Amino acid sequence: MKKFVYLKPILSFFCLGLIFTTLSRIFLFFFFNERIIETENYWYIFPIGLRFDIILLSYISFLPLLIISFIPEKSIKYIQKPLNFYFIFFLFLILVTELTTTNFISQYDTRPNRIFLDYLIYPKEVFGTLLKSYLPSLIIIGILLIVGIYFGVKKSKTLFLIKAVSFKTRLLLFPAILFLLFLGARSSLTSKRPINASNAVFSTDQMTNSLGLNSLYTVGFAAYSIKNEENVMKMYGTMDINESYQRVKKYMTTDNNNFTFDSIPLLHGNKSDSISTKKYNVVIFLQESLGAEFVGSLGGLPLTPEFDKLTKEGLLYTNLYCTGTRSVRGIEAVVAGFPPTPSESVVKLSNSQKDFFTLATAFGNEGFDTSFIYGGMANFDNMASFFNGNGFKNIIDETDFDSDKNKYALKGTWGYSDEDLATKANQYFKSLGDKPFFSMMFSTSNHEPFEFPDGRIQLYDKKKQTVNNAIKYADFSIGKFIELAKKEAYFKNTIFVIIADHNTRTYGKNLIPIKKFRIPALIIGPNVPKGETVDLQSSQIDIPPTILSFSGLKTETPMIGRSLFEITKNSKGRSMMQFHDNFGFRVQNEIVVLQPKSKPVQFKVINDSILIPSKLDTELAKDALAHLIVAENLYKTKTYRLKNK
């Protein structure tokens with residue numbers, strides 16, 4: 001066995017890596033046990049987990065194997081320290097990602113993924129949230145990391161010591177060891193492709209499936225997948241682009257003869273409210289994380305008395321579903337009417353930073369003042385860049401509040417409070433006089449760590465900083481804004497839209513937790529029916545064309561959403577939802593779910609919460625794929641726009 005001693009560093013690394021990931025998986029199993037044991041064959045997470053742990057450790061071990069196999073004996077001492085650092089660095093990454101996994105799953109219902117990478121860009125907001133909401137966890141993680149680093153550095157000299165073995169012996173053993181690492185990394189000799197994350201899917205519970213992976217793998221896979229995220233056909237399946245457009249047009253309410261410009265394939269006239277004889281201002285009050293489950297008038301908790309009262313003054317969507325789980329998804333849907341894709345939101349992608357259609361573009365072309373008003377920093381999630389390049393002439397954010405901060409109630413981790421936003425927006429709209437305007441306000445208070453001023457609401461929970469109390473405060477601020485607006489001249493000429501970007505936490509044991517995608521939307525204003533509801537299943541992307549219709553603006557748009565004025569009694573309910581890498585396309589009570597490099601699956605939906613596997617409707621599956629392909633094509637070809645002037 002002496003001839004194998006030079007492999008001790010790799011064997012030590014493998015053993016330590018497996019200890020870290022296995023102990024973490026066991027802890028996660030017991031921590032989320034109540035949820036996990038509902039899944040049939042839940043114990044699969046352990047053999048699957050071992051398989052993916054070996055894959056990860058094998059990939060990391062390739063470089064050290066090459067070095068210790070081919071370096072001359074007299075040079076070994078020069079690479080000892082760099083090799084020690086290499087192993088300690090990757091063990092540190094494994095430890096960090098595993099230690100943060102429990103809190104991440106609690107928030108996002110899956111192991112660390114692309115969201116984990118995204119948040120590394122915004123340390124101020126993220127660290128502030130962690131400090132205020134997860135301080136005990138941070139302390140424990142910090143202690144464990146310090147202990148791990150200490151012992152890692154102290155023991156590395158013996159754990160990863162390279163013992164000299166003749167060059168000839170190493171050369172002879174190299175092919176066999178390389179084959180073992182290759183087999184470990186590929187994890188199969190029979191499959192045409194290496195094993196990937198989709199092979200960990202053994203149930204319909206997204207979270208339980210993710211436990212069969214390890215967190216450094218999922219973060220690394222997310223980083224690697226960025227290069228593929230704009231290639232829908234590579235991830236989900238192929239289809240002729242012309243067929244894709246025809247399939248998407250089936251779900252639009254525009255006649256084929258009414259598409260107006262061949263080089264912009266979906267450009268068409270937006271049907272307007274025939275009652276409107278003038279153009280109205282529009283204010284969208286986008287609510288952070290306000291799911292239907294918290295809205296009293298939608299059968300949720302009694303946390304929204306102000307919103308519920310306002311439903312008597314406007315039109316309430318009772319069966320509306322958001323397109324994703326992040327604010328940027330809500331923004332692209334509500335402001336641009338753009339459908340969800342497995343790629344990053346267009347708010348953050350390069351091709352959409354200029355001349356990409358938004359409602360602000362349409363209103364700006366008609367001479368409206370266009371603005372985005374936000375209590376936080378508008379550069380978060382690249383919002384300022386996207387808005388500035390796509391029709392928003394004025395961006396008002398935290399820095400504008402700071403200049404007169406003594407007037408405002410509270411500045412928290414994510415910016416100024418929602419009532420401060422209401423006050424600032426009302427002042428701005430008043431200052432415009434008779435100039436017509438389009439604006440989007442974006443709230444912040446209903447975001448962990450749930451900070452809001454004292455004395456505004458009667459707390460629902462005894463502890464102040466909870467999601468229920470934050471939602472109740474957000475509702476208080478909605479009421480305050482409308483109350484302020486009613487005292488001003490602009491109120492009678494303005495359409496107000498109150499809508500959520502997504503739910504506060506989107507989780508569930510299904511591939512798409514549909515119930516968590518249901519959100520409120522309320523439209524109030526001139527010619528808007530009072531106390532009525534829209535009960536047809538709708539998508540967030542249906543709201544922008546409806547806003548245009550109510551506003552009296554007669555314009556062309558490339559939006560695929562359906563205006564309320566275009567649907568008929570025979571229209572079928574339709575919604576689409578992006579949940580991590582899964583895309584759900586729902587028509588009535590049937591939903592097709594597309595997963596990367598996997599065959600589509602279909603379910604019958606019962607009360608939004610029970611998904612019963614059903615026979616795949618291949619045409620519906622093709623329609624689902626078509627929507628992804630068209631969205632990607634519109635983005636890549638820069639044809640989600642209006643005609644050039």
Side-chain angles (χ1 to χ4, degrees), residues 114 193 196-199 201 204 206 225-254 256 259 265-266 321-325 329 332-333 337-346 349 351 510-512 514 517 537 539-542 558-562 572-605 611 613-637 639-640:
R114 176 63 185 268
R193 295 185 179 88
N196 58 49
S198 64
N199 294 97
V201 176
T204 58
Q206 167 85 7
S225 298
I226 291 172
K227 71 181 182 65
N228 293 327
E229 66 180 3
E230 292 171 19
N231 193 333
V232 168
M233 293 195 195
K234 192 171 182 179
M235 291 178 72
Y236 298 98
T238 60
M239 182 181 293
D240 177 75
I241 191 63
N242 293 321
E243 180 186 350
S244 298
Y245 274 102
Q246 289 306 313
R247 287 183 176 276
V248 168
K249 287 177 180 179
K250 283 194 315 183
Y251 291 88
M252 297 173 65
T253 47
T254 302
N256 260 333
F259 291 95
L266 295 183
Y321 297 83
C322 61
T323 58
T325 62
R329 279 280 178 234
E332 72 179 3
F338 197 72
T341 69
S343 176
E344 184 60 89
S345 163
V346 292
L349 293 175
N351 272 7
N510 296 313
L511 292 177
I512 302 284
I514 296 172
F517 279 78
Q537 180 201 141
S539 174
Q540 213 170 15
I541 63 170
D542 296 329
M559 295 188 289
I560 70 170
R562 304 185 292 191
K572 291 183 177 180
R574 179 273 293 125
S575 55
M576 52 198 79
M577 297 157 249
Q578 188 76 35
F579 184 59
H580 305 308
D581 287 334
N582 295 341
F583 175 74
F585 187 78
R586 180 183 178 187
V587 177
Q588 300 291 78
N589 286 321
E590 292 289 335
I591 185 169
V592 167
V593 180
L594 305 182
Q595 303 174 81
K597 301 183 185 299
S598 298
K599 292 181 179 179
V601 289
Q602 186 167 331
F603 302 90
K604 181 174 287 294
V605 182
L611 270 61
S614 58
K615 184 180 177 182
L616 182 69
D617 180 338
T618 55
E619 287 301 301
L620 187 60
K622 288 179 181 179
D623 291 344
L625 178 61
H627 279 77
L628 287 180
I629 290 173
V630 163
E632 176 194 79
N633 184 261
L634 289 169
Y635 167 76
K636 281 186 171 180
T637 58
T639 50
Y640 196 74

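Computed from a predicted structure; not experimentally measured.
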Sequence-distant partners of [X], side-chain hydrogen bond (donor to acceptor under 3.5 Å, both in side chains), two or more places apart:
X	answer
Q578	none
H580	N113
S614	E590

Quiz item: With ring centroids as reference points, do F259 and Y245 lie under 6.0 angstrom apart?
Solution: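 No, they do not, as the ring centres are separated by 6.0 Å or more.
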Quiz prompt | F583 ring center within less than 6.0 Å of H627 ring center | solution =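 Not close enough - the centres of the two rings lie 6.0 Å or further apart.
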Looking at [X] and [Y], what are the two nearest heavy atoms and their distance?
X	Y	result
S575	Q537	OG-OE1, 2.7 Å
I591	G584	CD1-CA, 4.1 Å
P339	E332	O-OE2, 4.0 Å
M239	A626	SD-CB, 3.9 Å

Test item: [X] side-chain N/O and [Y] main-chain N/O as donor-acceptor pair under 3.5 Å:
X	Y	result
Q540	T323	yes
E632	N231	yes
S598	P596	yes
Q602	D617	yes
R586	Q588	yes

Exercise. For the pair E243 and I241, evaluate side-chain contact (heavy atoms from CB on, under 4.5 Å) and give the outcome as yes or no after the intermediate values.
Key: CA-CA 5 Å; E243 180 186 350; I241 191 63; over 6 Å; no
With rounding to the nearest 0.5 Å, note down the distance linking [atom1] in [X] to [atom2] in [Y].
X	Y	atom1	atom2	result
L594	Y236	CG	OH	7.5 Å
N351	T637	CG	OG1	9.0 Å
K604	K615	NZ	NZ	13.5 Å
I560	L634	CD1	CG	8.0 Å
N510	I512	CG	CD1	9.0 Å

Quiz item: Stepwise, does the ring pair (Phe, Tyr, Trp, His ring centres under 6.0 Å) test hold for F338 with Y640?
Solution: CA-CA 9 Å; F338 197 72; Y640 196 74; 4.9 Å; yes
Quiz item: Under the side-chain contact (heavy atoms from CB on, under 4.5 Å) test, which residues partner D542, sequence neighbours left out?
Solution: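 Counting only residues at least two positions away or on another chain, D542 forms a side-chain contact (heavy atoms from CB on, under 4.5 Å) with S538, S539, R562, R574.
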Quiz item: Which residues satisfy the side-chain contact (heavy atoms from CB on, under 4.5 Å) test with T325, sequence neighbours excluded?
Solution: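 Listed in chain order: T506, F517, F579.
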Should [X] and [Y] count as side-chain neighbours, where that means a heavy-atom distance under 4.5 Å?
X	Y	result
P342	M235	yes
M577	P340	no
L625	V232	yes
S244	Q246	no

Exercise. Apply salt bridge (charged side-chain N to carboxylate O under 4.0 Å, His left out) to K250 and list each qualifying residue two or more places apart in sequence or on a separate chain.
Key: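 Counting only residues at least two positions away or on another chain, K250 forms a salt bridge (charged side-chain N to carboxylate O under 4.0 Å, His left out) with D623.
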Practice problem: Kindly determine whether Q595 and V601 satisfy side-chain contact (heavy atoms from CB on, under 4.5 Å), including the steps that lead there. | Solution: CA-CA 9 Å; Q595 303 174 81; V601 289; 4.1 Å; yes
Exercise. Would you sort out whether L266 and M252 count as a side-chain contact (heavy atoms from CB on, under 4.5 Å), showing the intermediate values?
Key: CA-CA 10 Å; L266 295 183; M252 297 173 65; 4.1 Å; yes
Self-check item: side-chain contact (heavy atoms from CB on, under 4.5 Å) between F585 and L628, worked out
Solution: CA-CA 10 Å; F585 187 78; L628 287 180; over 6 Å; no
Quiz item: If we ignore angles and hydrogens, is there a donor and acceptor under 3.5 Å between the side chains of T341 and S343?
Solution: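 Not at all, the side chains of T341 and S343 share no donor-acceptor pair under 3.5 Å.
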